[in-house]
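This report concerns only the one structure given below.
We name chains A, B, ... by the order of the sequence lines, and we start the count at 1 in each one.
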Amino acid sequence: MTKLIKVMKGTKDILPQEVEMWHKLEKNALEIFTRYGYKEIRTPIFEVTELFARGVGDTTDIVNKEMYTFEKSDRSITLRPENTAGVVRSFIENGMARLSAPVKLWYKGPMFRYERPQAGRQRQFHQVGVEMFGIKDAAADAEVIMLAVDYLKSLGLEDLEVEINSLGCPKCREEYKNKIKEVLKPEFENLCEDCQNRYEKNPLRLLDCKVDTCKEIFAKPQIQKVIQSDFICEECASHYKDLKTYLDRLNIKYVENKLLVRGLDYYNRTVFEIKSNNLGSQNAVCGGGRYDSLVKNLGGEDTPAVGWAMGMERLNSLLPVIEPEKLDAYIVSNSPADAFELAQDLRSNGVKVEFDLANKKFTKQLEKASKVAKFALILGEDEIKAGKVSVKNLSTSQQVTVERNEVINKIME
RNA sequence: GCGCCUGUCGUCAAGUGGUUAAGACCUCGGAUUGUGGUUCCGAUAUGCAUGGGUUCGAAUCCCAUCUGGCGCCCCA
């Protein structure tokens, strides 16, 4: 026996019975994003590895251990693990900084991360996302969040939780990091292995460790004092306050989460996530924030920016299954040529219609019709002779015989 | 990358060392030579993720690999 080739670990086929849900996600994205003035952009699925190393940050897990990287003609190439870096690259390369701000872009497509698959996590997965360039004001952050909420609402998802936080700017964040490290220094030996790692790499992440011994340490008063302190500088604080004012005015409910830290290096000030309780441990459907220094870091003009991405598989798992739509009609006939002719006539008028290419027995064809179509179009010897068609409504069992050119009216009425 | 669990027809499954591996759904054929969705009858796994091993005998026990799930890390 020949060995079967199976889909690779962490990848999935999107089968015909699920594809309508994907169409819906894509259709609503186009519709809602267009309303807000966003234009779609499609960037390549692979880029030079350096883009992600510099863009996403080479201390992040994504870049460190999750990228699909390969060599071709002495170049290191990587399958995109996310699309913000690619969009920024294109923004710079195509001189979009010269367009009048804001520049609003959206995208959808597959992303690749070499991770251990589990519910809501695959190695090839799809994201839909938006990026807005050129606006420093918190109105941009608010609009982007509003857009996410609006899009989710269009899909029927309304009871999701929006969490926000401000990471401050590189300057005040650095001071905060140092404070955390300082107060935790005496406890370093007692921290779990992960936390000891995070101590160097990303001290902000330490704080929501789930290990009991770490929790105890963080509960100590002098450490709590640092965690609870408002570390962000005046300017960042005012930006954050503006954001909350906008969200209140827009009636967007949110929860402030001081421990919300995102793992991509490029974020500053606003970060946010939208979560669902129906997703298991990978519970974020949407994640994003502000990244004011990324454009400059990748060699462009200093341009503020804010954006988010949603996991389409996660969205799908929250959506009710869509029943496949029935055909308008199924032709029942033992004269394939006549059936074919009628089918083409109707198809050219926009009718969804099929007939039996295998020319099975009459009853089999009718049985099939009742399963897949709203109407059966019976085209037997008698009808062919008379140049007519019997149109049978399969839910009411009503049947009338009409002229061929009247069939379409019968079906559409 | 780490820890725990898992894998029987296209799908959902019964079977837990001893003759031909239940059942249901789907699919296909027949009852029914032009009237369906109901009903009845029949067909469909020489094989139990894959490869080794233990045994007189393995879907069942052991090992490895692969896969799926959960948790950690991290993220959408």
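The side-chain contact (heavy atoms from CB on, under 4.5 Å) test with A:D292 singles out one residue from A:D302, A:V306, A:N268, and that residue is A:N268.
Taking the ring axis of A:Y114 as reference, the NZ or CZ atom of A:R123 stays within 45° of it and closer than 6.0 Å to the ring centre.
Residue side chain A:R121 reaches the base of B:C74 through a donor-acceptor N/O pair under 3.5 Å, judged by distance alone.
B:C72 and B:G1 make up a base pair, with Watson-Crick or G-U wobble contacts both under 3.5 Å.
Residues that satisfy the side chain to side chain donor-acceptor pair (under 3.5 Å) test with A:E341, not counting sequence neighbours, are absent from this structure. With sequence neighbours excluded, no residue satisfies ring-ring contact (aromatic ring centres under 6.0 Å, His included) with A:F52.
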Sequence neighbours excluded and cut-off under 3.5 Å, please list the side-chain donor-acceptor pairs for residues 386-398 of chain A, or say none.
unit_1 : atom_1 : unit_2 : atom_2 : d
A:S390 : OG     : A:E383 : OE2    : 2.6
A:S390 : OG     : A:T401 : OG1    : 3.0
A:N393 : OD1    : A:S395 : N      : 2.9
A:N393 : OD1    : A:S395 : OG     : 2.9
A:N393 : OD1    : A:T396 : N      : 3.2
A:T396 : OG1    : A:Q398 : N      : 3.3

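Atom name P, nucleotides B:G3 and B:C63: the rounded distance is 15 Å, in whole Å. Separation of the C1' atoms belonging to B:C41 and B:U46 is 26 Å when rounded to the nearest angstrom. Spacing between B:A13 and B:C26 at atom C1', rounded to whole Å, works out to 14 Å. On the P atoms, B:U67 is 15 Å away from B:A49, given to the nearest whole Å.
Taking only side-chain nitrogens and oxygens, A:Q118 comes nearer than 4.0 Å to OP1 or OP2 of B:G71. Between A:T363 and B:U32 there is no side-chain N or O to OP1 or OP2 distance below 4.0 Å.
Among the protein residues, A:K360 comes within range of the sugar-phosphate backbone only, with heavy atoms under 4.0 Å from sugar or phosphate atoms but none that close to a base. Note on A:G380: a base of the nucleic acid sits closer than 4.0 angstrom, heavy atoms only. Note on A:R116: a base of the nucleic acid sits closer than 4.0 angstrom, heavy atoms only.
Each salt bridge (charged side-chain N to carboxylate O under 4.0 Å, His left out) pair with one or both residues in residues 169-182 of chain A, not counting sequence neighbours, appears once here: A:K181-A:E200.
Applying a 4.0 Å cut-off to non-hydrogen atoms, the residues of residues 311-319 of chain A that approach RNA chain B are A:G311, A:R314, listed by residue number. Using a 4.0 Å cutoff on non-hydrogen atoms, the parts of residues 381-403 of chain A near RNA chain B are A:E381, A:D382, A:E383, A:K392, A:L394, A:S395, A:S397, A:Q399, ordered by number.
Not one N or O on the side chain of A:E273 forms a donor-acceptor pair closer than 3.5 Å with the backbone of A:C286.
Here the shortest heavy-atom pairing between A:D137 and A:Y246 reads OD1-OH, 3.3 Å. Here the closest non-hydrogen pair linking A:L167 and A:L260 is CD2-O, 3.9 Å.
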